[in-house]
J.: 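Below are the structure tokens for one structure; questions will follow.
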Amino acid sequence: MALVETQDLVKNYVLGGETVRAVDGVSLSIERGEYVAIMGASGSGKSTFMNMIGCLDVPTSGEVRIDGIATQDRDGDALAELRNQKIGFIFQQFNLLARTTALDNVAVPLIYAGLGSEDRRAKARAKLEEMGLGDRLDHSPAKLSGGQQQRVAIARALVTDPVILLADEPTGALDSKTSEDIMEIFETLNNQGITIIVVTHEAEIADHAKRRIEFRDGKVIKDILVAHRRIVNA
Amino acid sequence: MIGNFGQKFSAWIVNVAIAMTALRTNLMRSILTTLGVMIGVFAVTLAVAVGSGAQVSVMQSINALGSNMALIFPQPDSEGGRTTFDRGRLTMRDANAIKKQISGITDIAPQLRTSIQLVVAGRNASTSAIGATPGYGKVANAAAASGRFISEADVRSAARVVVLGPSVAKKLFGDYDPVGETVRINRAPFTVIGVMESKGSSFGNDNDDIAIMPITTTRQRFTGDSLSGPDDLQMLFVGFEDGVSLPRAKREITRLLRERYRVRGKDINPFTIRTTEEFMKESAQVTGIFQIVLVAIASISLLVGGIGIMNIMLVSVTERTREIGLRMALGAKRSDIRNQFLVEAAVLCVIGGAIGLTLAIAAGTALTIYADFPVPIGIGVGIGAIVFSAVIGVVFGGYPAVRASRLSPIEALRSE
């Protein structure tokens, strides 16, 4: 059974009285453990597609299944639960809460998972330590570099032990050196078995993925497996 | 079950922590917003306290009158019916008949009232005089603090003696004890035989500005011409033993007096009977209305404060749309978002309410000390004020909070 499965997925927007078909009948499946790059120019529908498989946006028609669960008949709260348990999000602008420590930022998803304060702190601390930020627990985002902030965000995405990591332009706000660091983290996580889906328009970022899906005008125009350039864990 | 409760409780604690961070972030704005609630709670709490203070002091002054008592006036009853008397009647003989025939009476206090001027050694004082019998002391809770009260012998001989209220004594004699001194009342010399115990003041009315003399003396010298008969009274107090039913006593006295004056059927009575119980009920009603009006006016300021809360919460929701989207992406349910903003509004209101309550207690204490007006703010009122503040927060924060919870996750995340 595929981890992510879409069937005739369609999303229409009405802009200025005109209907725009952002995603136009996409059917594809992503297996557990894959590392997928979704590419395309802006307006190609890649972000809309990603928002739908992330259960943030509701399709106009068609189906999305996450880990075997059909999403179309679930209400807002059930989708929130699904996001909380199955999906970790990483954003271009990190989206950390200002004036909130790294530890508390990472612990936010655990609040909604219903964990008590002790468990939240312990799990958040462990994830931050994994990300090499054990000495930055009490720092607010303003006191962290871009790379450190994105690592806090990755810790936050992973803290609920999701099956999928969804990253929307994760390096868009970072310099190339830091971008490489983040990509290395992604590779390590993928090697640990986490499914990663990255939306990007940068070829260098897409090169790290094992599968590349290209969007144009709301349709998939290319879906290829790429031989990996580098040998990991040789 | 316990674990579930623990989780829920923990979630509320988290919401309070989030609220505190958010309120600190916009500290100036939070202070100004909470000011509205603070003033509102201050006004309402003080209004409630002043209202119950008024009630307390009305009850005190009725109790000062004598606790279980009927007051009878020679005034025709005001209720409808055929008038057979052009003026009211009440005589000493009526008073004695009541004392003899009605059960449960401790004593009666027939009275005449007039105004007099007292002069001594160049000082003078105007006051109201009560022509009374020894029964007055018992019925009206009055006793002499020094010297003695009027005796039967004083009444029989229409003696020129007077008992002064403490205020009158002070005005004429200062701190000197005047018992045994002579004062001139309307040019005639009177001997001061006693000074009354103080009864304080009620509603700015000095209960100690009074002089008491034998009823016979008053009739001979001051009120004789103005009365229709040599035996007429201007007022009669009837004191009852504890546990006597005043409405029933009133019915019995009414029946007796109607017989004496041969009042029949629907003809109106030439007298009016009021009981202390009726006074208490009426003043409870009046002070109750007074309190409602006061609280209603004060509530307007609380309403304005609440609108301020709603306004600032709407701003807060708009400003933090992206945060709301992020929380939703991370798994927050609608109820989580709604509760977060409800708690924020409630925290804002409870802080304002606590400060408002503190100020009200301070103002109430000051009023009690400096204006001699009781303003009781009990624990009940205090807890009520705090709970009410939280309710204001939930009511006025409700719309913004629900609006926040209804945002679409993706639109909220995309907002700038």
Side-chain angles (χ1 to χ4, degrees), chain A residues 11 13 22 47-48 50-52 54-59 74-101 104-121 140 153 156-160 162 166 168, chain B residues 1-27 29-30 316 319-341 343-344 402-416:
Chain A
K11 181 70 184 180
Y13 286 114
S47 287
T48 305
M50 162 118 146
N51 290 333
M52 285 189 288
C55 305
L56 290 169
D57 207 352
V58 184
R74 301 193 124 208
D75 65 8
D77 282 355
L79 290 177
E81 205 177 313
L82 192 70
R83 289 195 293 269
N84 185 256
Q85 290 169 358
K86 305 276 183 193
I87 304 166
F89 290 95
I90 293 163
F91 307 94
Q92 181 174 0
Q93 296 300 334
F94 323 134
N95 275 357
L96 297 176
L97 296 175
R99 293 177 191 83
T100 305
T101 64
D104 286 345
N105 261 298
V106 174
V108 169
L110 298 175
I111 297 172
Y112 304 120
L115 263 64
S117 120
E118 288 305 310
D119 292 347
R120 289 201 301 266
R121 295 181 74 84
S140 65
R156 180 179 65 191
L158 294 172
V159 77
T160 52
L166 284 184
D168 190 358
Chain B
M1 256 335 256
I2 289 170
N4 193 21
F5 173 76
Q7 276 176 18
K8 290 235 166 82
F9 185 69
S10 161
W12 287 106
I13 298 287
V14 169
N15 279 333
V16 172
I18 294 171
M20 294 308 286
T21 308
L23 297 180
R24 261 202 307 273
T25 304
N26 293 298
L27 189 60
R29 191 167 88 187
S30 304
S316 183
E319 279 178 355
R320 287 152 69 193
T321 302
R322 204 182 164 88
E323 177 194 324
I324 294 164
L326 172 73
R327 288 181 182 277
M328 285 174 160
L330 298 181
K333 296 189 173 72
R334 286 187 167 182
S335 56
D336 293 318
I337 299 298
R338 187 196 64 213
N339 292 349
Q340 178 187 332
F341 284 95
V343 166
E344 188 171 320
V402 167
R403 211 162 98 153
S405 74
R406 295 232 170 113
L407 289 169
S408 132
I410 189 62
E411 276 164 29
L413 255 180
R414 276 205 207 112
S415 85
E416 285 311 313

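Keep in mind that this is a model prediction, so the values were computed, not measured. Sequence lines set the chain letters: A, B, ... in the order given, protein chains first and strands last, and positions in each chain run from 1.
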J.: Any chance CZ of A:Arg99 has more than 12 other-residue heavy atoms, nucleotides or ligands included, within less than 6.0 Å?
T.: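 For A:Arg99, atom CZ is not crowded (no more than 12 foreign heavy atoms under 6.0 Å).
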J.: With a 4.5 angstrom heavy-atom cut-off, could you sort out which part of B:Arg327 is near chain A: side chain, backbone, both or neither?
T.: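 For B:Arg327, the contact with chain A is made by backbone and side chain together.
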J.: Quick one: which residues of residues 328-336 of chain B reach chain A at under 4.5 angstrom, heavy atoms only?
T.: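 When heavy atoms of chain A are the reference, residues 328-336 of chain B contributes B:Met328, B:Ala329, B:Leu330, B:Gly331, B:Ala332, B:Lys333, B:Arg334, B:Asp336 within the under-4.5 Å range.
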J.: Please enumerate all residues that pass side-chain contact (heavy atoms from CB on, under 4.5 Å) together with A:Asp104, with sequence neighbours excluded.
T.: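 By the side-chain contact (heavy atoms from CB on, under 4.5 Å) rule, A:Asp104 matches A:Thr100, A:Thr101, A:Arg121.
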J.: For chain B, which candidate among A:Leu97, A:Asp77, A:Val58, A:Leu79 shows the most heavy-atom pairs at distances under 4.5 Å?
T.: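 Option with the top pair count is A:Asp77.
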J.: Checking heavy atoms, do the side chain of A:Asn95, its backbone, both or neither come under 4.5 Å from chain B?
T.: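 Both parts, heavy atoms under 4.5 Å.
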J.: Assess whether side chain to side chain contact (heavy atoms under 4.5 Å, CB included) is satisfied between A:Asn51 and B:Arg414, documenting all intermediate values.
T.: CA-CA 11 Å; A:Asn51 290 333; B:Arg414 276 205 207 112; 3.7 Å; yes
J.: Can you find a pair of side-chain heavy atoms, one from B:Leu326 and one from A:Arg156, that are under 4.5 Å apart?
T.: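 SC-SC contact between B:Leu326 and A:Arg156 confirmed.
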J.: May I ask you to name which of A:Arg83, A:Glu81, A:Arg120, A:Gln85 has the most heavy-atom pairs under 4.5 Å with chain B?
T.: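 Looking at each of A:Arg83, A:Glu81, A:Arg120, A:Gln85 in turn, A:Arg83 comes out on top.
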J.: So how far is it from A:Gln93 CD to B:Leu413 CG, rounded to the nearest 0.5 Å?
T.: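 So the CD of A:Gln93 and the CG of B:Leu413 are separated by 12.0 Å.
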